[in-house]
Every structure is written in structure tokens, then in C-alpha cells.
A.B. asks: 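Have a look at this one.
No experiment lies behind these values; they were computed from the predicted model shown.
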Amino acid sequence: MGKSNHTVTDFILVGFTTDPVVQLVLFVVFLGVYSMTVLGNTTLIVLISNDSRLHTPMYFFIGNLSFLDLWYSSVYTPKILVTCISEDKSISFAGCVAQFFFSAGLAYSECYLLAAMAYDRYMAISKPLLYSQVMPSRLCACLIACSYLGGFINSFIVTKGTFALNFCSNNVIDDFFCDIPPLVKLACGRKDTYQAVLFFVLASNVITPIVLILASYLFIIATILKIRSTQGRLKAFSTCSSHLISVTLFYGSILYIYSHPQSSYSLDRDKIVSTFYTVVFPMLNPMIYSLRNKDVKEALNKLLK
């Protein structure tokens, strides 16, 4: 990871509050959310794996999104639960590096995966009769592999740059996990080079996928407008609605956290937004992709019988 210029051996995670009663309430809430995240995403993965009707490119991507969300949530939530009920709020320097690396890698991978899913939706709408031919399993697997590869390569770059900063003697992180804004606030000395690297990573992992998603949806809209019947247009658009909701929620919260200037950071406000995309969003995805999905409901009924 490169030699860092730090003088601290661990960090203290302040979390959300120091009030023991509120901490206990938060523990129950986060435990409930995490339990639902594990149950929902695991169920969706099992359904997609076992039901032959769900062996299509769209569900292949949804299954991988569920796997990623399950892993993503597990990077944060267990440590949050421990922090809520334990007097020891510390996390080792190596533990902070590991949490930062995997959380960034998974978040960046999800950015690329959502872009791949937008392309999949375009292919499904523009070439419905040739969908399985234009989206073969090899291409789908390649898109998934490239999403993870791109995500973790960029995570290595930003992790190396972040923990090469000089943290001097201040080791109190005013957040519930090791993230860029609070860590940069702790750092002292010159940060110009790091800010340039951070801007590059943000552009390559967030802006680029957003451009690809927007381009895909421009083509989707153009294709839908060519459909003559109103019912056909609504049916075509409905196949994209879940993905649009997912993209809006995920990218909206990430852009809010990382796009505004460092001087305007409000860590209390950002904690709430960070909680949404790190803890709540992985719980919502299975609901977004299954509540209005007839195939998933039928597969679940079949599994329960």
C-alpha cells in the first residue's frame, strides 16, 4: 500500500452519539436493518440461482447486485453494532485501511455494475427478440468481472493516497466508519496532490458511469418513443423503473457526499446520508427489484410451497 507518513496506530470512531440510551436504540435499529439486508439479498440470490425462469441476463445482474450489497453492508454494519454497545470505540490503523479499501472497492464496483445494467436494459428494449443473443452469458460475466476489477483498482489508488497522508496525533474520526471526508479532516500538511487523485477517482468511478447510464437511457427513450401503442411504451418503461430508482438513490447520495467542496463538509449531516447508501440502500435493493416483479414473486411462492 506504500509507506504512509502517519504517527497514529489506531483511530477512534465517534459514531452517531455518546448517549448510551440512544446508542442502544441505534443498535436495535441497525441490527434490524442488517438482518433484513442479509435475508432479502440472500433470498433473492437463492431464487435467481434455483429458478430456471430467472436465468436471464437481467436477473444475472440483479443477483450479482444482491451479492455485492450483501458484502458491502457487511463491511460496515458489524463494526457499527459493536461501536454502539461497546465502550471501546477504537479501530486499528490496519483495520481502518481494510475497511476503507473494501468499502471503496465495492462502492466503485456498484457504480460500474449499475452502468452495465443500464446497457442491459437498452439491449432488452431495443432488441427484445434477440436479447439472449446480444447479451450472452460470456458478455454478462465479462461485464461483472470488469466492474469488480475497475472498482478495486481504483480503490487501491485512493486507499494508497488517503493513508499516505500525515495524520499527526489526531486519531478521532467523527463518523461511524473510515471514510474520505473525516479522514481528510484529520490529515495535516499538504493535500493538493491527494485532492487531484481524489478528483480523478471520482470522475472515473462516478461521473463516467453516470455518463454511460445517461447515454443508455437516451437510447432507451428514443427506442420507446418508436413504439406506437401507449401500453407498449408503458410496459417497456416499466422494465427500467427499478433500475432508475436504484441509480437515483445510490448516485444521489454518493454525489452529495463527495462532490461538494471540502470546506463545506458538515459531518453530522453527511453521517445521515452516508448511513443511507452504506446501510439502508443494500436493504432496499431486494425490495426495489422484487416487490413489483411478477417472476420473482412466483419464484418465491414456488420456493415456499
Side-chain angles (χ1 to χ4, degrees), residues 1-20 22-24 26-27 29-31 33-34 37-38 68-110 148 151-191 193-195 197-198 201 205 254 257-258 262 265 267-268 270-271 273-275 277-279 282:
M1 204 59 79
K3 186 177 181 181
S4 57
N5 195 27
H6 65 88
T7 58
V8 300
T9 58
D10 60 7
F11 293 99
I12 306 298
L13 297 172
V14 174
F16 295 92
T17 178
T18 56
D19 188 322
V22 178
Q23 285 183 337
L24 185 59
L26 288 174
F27 173 82
V29 171
F30 281 120
L31 181 61
V33 170
Y34 185 57
T37 299
V38 173
L68 194 152
D69 281 338
L70 187 60
W71 187 7
Y72 188 47
S73 179
S74 298
V75 171
Y76 298 106
T77 313
K79 183 60 180 177
I80 294 174
L81 293 174
V82 172
T83 303
C84 285
I85 60 173
S86 173
E87 294 183 1
D88 182 11
K89 312 294 184 183
S90 65
I91 182 172
S92 68
F93 189 88
C96 191
V97 173
Q99 186 186 68
F100 186 98
F101 172 74
F102 283 107
S103 63
L106 292 167
Y108 299 154
S109 298
E110 184 150 345
Y148 279 101
F152 279 95
I153 286 176
N154 283 285
S155 175
F156 176 82
I157 294 171
V158 74
T159 303
K160 182 178 179 181
T162 302
F163 289 93
L165 294 171
N166 189 352
F167 294 104
C168 304
S169 58
N170 189 0
N171 70 334
V172 179
I173 297 177
D174 189 11
D175 211 331
F176 60 93
F177 69 106
C178 296
D179 197 17
I180 290 175
L183 285 170
V184 171
K185 277 188 172 289
L186 287 184
C188 53
R190 292 183 60 84
K191 307 174 188 177
T193 304
Y194 173 77
Q195 293 291 351
V197 172
L198 186 59
V201 172
N205 290 284
I254 284 185
I257 291 291
Y258 298 111
Q262 180 186 336
Y265 281 142
L267 291 176
D268 288 336
D270 289 355
K271 284 180 188 178
V273 181
S274 297
T275 303
Y277 79 82
T278 57
V279 179

A.B. asks: Which residues satisfy the side chain to side chain donor-acceptor pair (under 3.5 Å) test with Tyr34, sequence neighbours excluded?
C.D. replies: Ser74

A.B. asks: Output all residues satisfying ring pair (Phe, Tyr, Trp, His ring centres under 6.0 Å) with Phe100, sequence neighbours left out; order by chain, then residue number.
C.D. replies: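 Phe163.
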
A.B. asks: Would you say the side chain of Phe11 lies within less than 4.5 Å of the side chain of Asn171, judging by non-hydrogen atoms?
C.D. replies: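 Side chain of Asn171 against side chain of Phe11, heavy atoms only: contact under 4.5 Å found.
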
A.B. asks: With sequence neighbours excluded, what pairs up with Val75 under the side chain to side chain contact (heavy atoms under 4.5 Å, CB included) test?
C.D. replies: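 Side chain to side chain contact (heavy atoms under 4.5 Å, CB included) check on Val75 returns Trp71, Gln99, Phe102, Ser103, Leu106.
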
A.B. asks: Return the set of residues passing side chain to side chain contact (heavy atoms under 4.5 Å, CB included) with Lys89 (not counting sequence neighbours), or none when no residue passes.
C.D. replies: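 Only Ile12, Gln23, Thr83 meet the side chain to side chain contact (heavy atoms under 4.5 Å, CB included) criterion with Lys89.
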
A.B. asks: For the residue pair Ile173 and Cys96, establish whether any side-chain heavy-atom pair is separated by less than 4.5 Å.
C.D. replies: yes

A.B. asks: Measure the SG-CZ distance between Cys178 and Phe101 for me, rounded to the nearest 0.5 Å.
C.D. replies: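 So the SG of Cys178 and the CZ of Phe101 are separated by 14.5 Å.
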
A.B. asks: Which pair of heavy atoms, one from Thr37 and one from Val279, lies closest together, and at what distance?
C.D. replies: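 Taking Thr37 first and Val279 second, the nearest heavy atoms are OG1-O, 4.0 Å.
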
A.B. asks: Among residues at least two apart in sequence or on other chains, which ones pass ring pair (Phe, Tyr, Trp, His ring centres under 6.0 Å) with Phe30?
C.D. replies: Phe16

A.B. asks: Suppose we screen for side chain to side chain contact (heavy atoms under 4.5 Å, CB included). Which residues come up paired with Ser92, at least two apart in sequence or across chains?
C.D. replies: Ala94

A.B. asks: With Tyr72, which residues qualify under ring pair (Phe, Tyr, Trp, His ring centres under 6.0 Å), at least two apart?
C.D. replies: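 Tyr72: ring pair (Phe, Tyr, Trp, His ring centres under 6.0 Å) contacts with Tyr76.
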
A.B. asks: Which pair of heavy atoms, one from Leu81 and one from Leu31, lies closest together, and at what distance?
C.D. replies: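 Closest approach of Leu81 to Leu31: CD2-N, 3.6 Å.
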
A.B. asks: Can you list everything that forms a side chain to side chain donor-acceptor pair (under 3.5 Å) with Ser155? Sequence neighbours excluded, please.
C.D. replies: none

A.B. asks: Residues two or more places apart in sequence or in another chain: which of them pass side chain to side chain donor-acceptor pair (under 3.5 Å) with Thr162?
C.D. replies: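 Thr162: side chain to side chain donor-acceptor pair (under 3.5 Å) contacts with Tyr194.
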
A.B. asks: Could you pull out the closest heavy-atom pair between Ser109 and Leu68, with the gap in Å?
C.D. replies: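 That would be CB-CD1, 3.8 Å.
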
A.B. asks: Can you sort out the partners of Asn205 under side chain to side chain donor-acceptor pair (under 3.5 Å), two or more places apart, ordered by chain and number?
C.D. replies: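 For Asn205, the residues satisfying side chain to side chain donor-acceptor pair (under 3.5 Å) (neighbours in sequence not counted) are Tyr112, Asn154.
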
A.B. asks: Find the distance between CG (Leu183) and CG (Asp175) and round it off to the nearest 0.5 Å.
C.D. replies: 9.0 Å

A.B. asks: Suppose we screen for side chain to side chain contact (heavy atoms under 4.5 Å, CB included). Which residues come up paired with Val29, at least two apart in sequence or across chains?
C.D. replies: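 Side chain to side chain contact (heavy atoms under 4.5 Å, CB included) list for Val29, sorted by chain: Val25, Val33.
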
A.B. asks: So how far is it from Ile80 CD1 to Thr278 OG1, rounded to the nearest 0.5 Å?
C.D. replies: 5.5 Å

A.B. asks: What distance do Leu13 atom CG and Asp88 atom CG have between them, rounded to the nearest 0.5 Å?
C.D. replies: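 Going from CG on Leu13 over to CG on Asp88, the span is 10.0 Å.
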
A.B. asks: Mind checking disulfide bond (SG atoms under 2.5 Å apart) for Cys84 and listing every partner two or more places apart, or none if nothing turns up?
C.D. replies: none

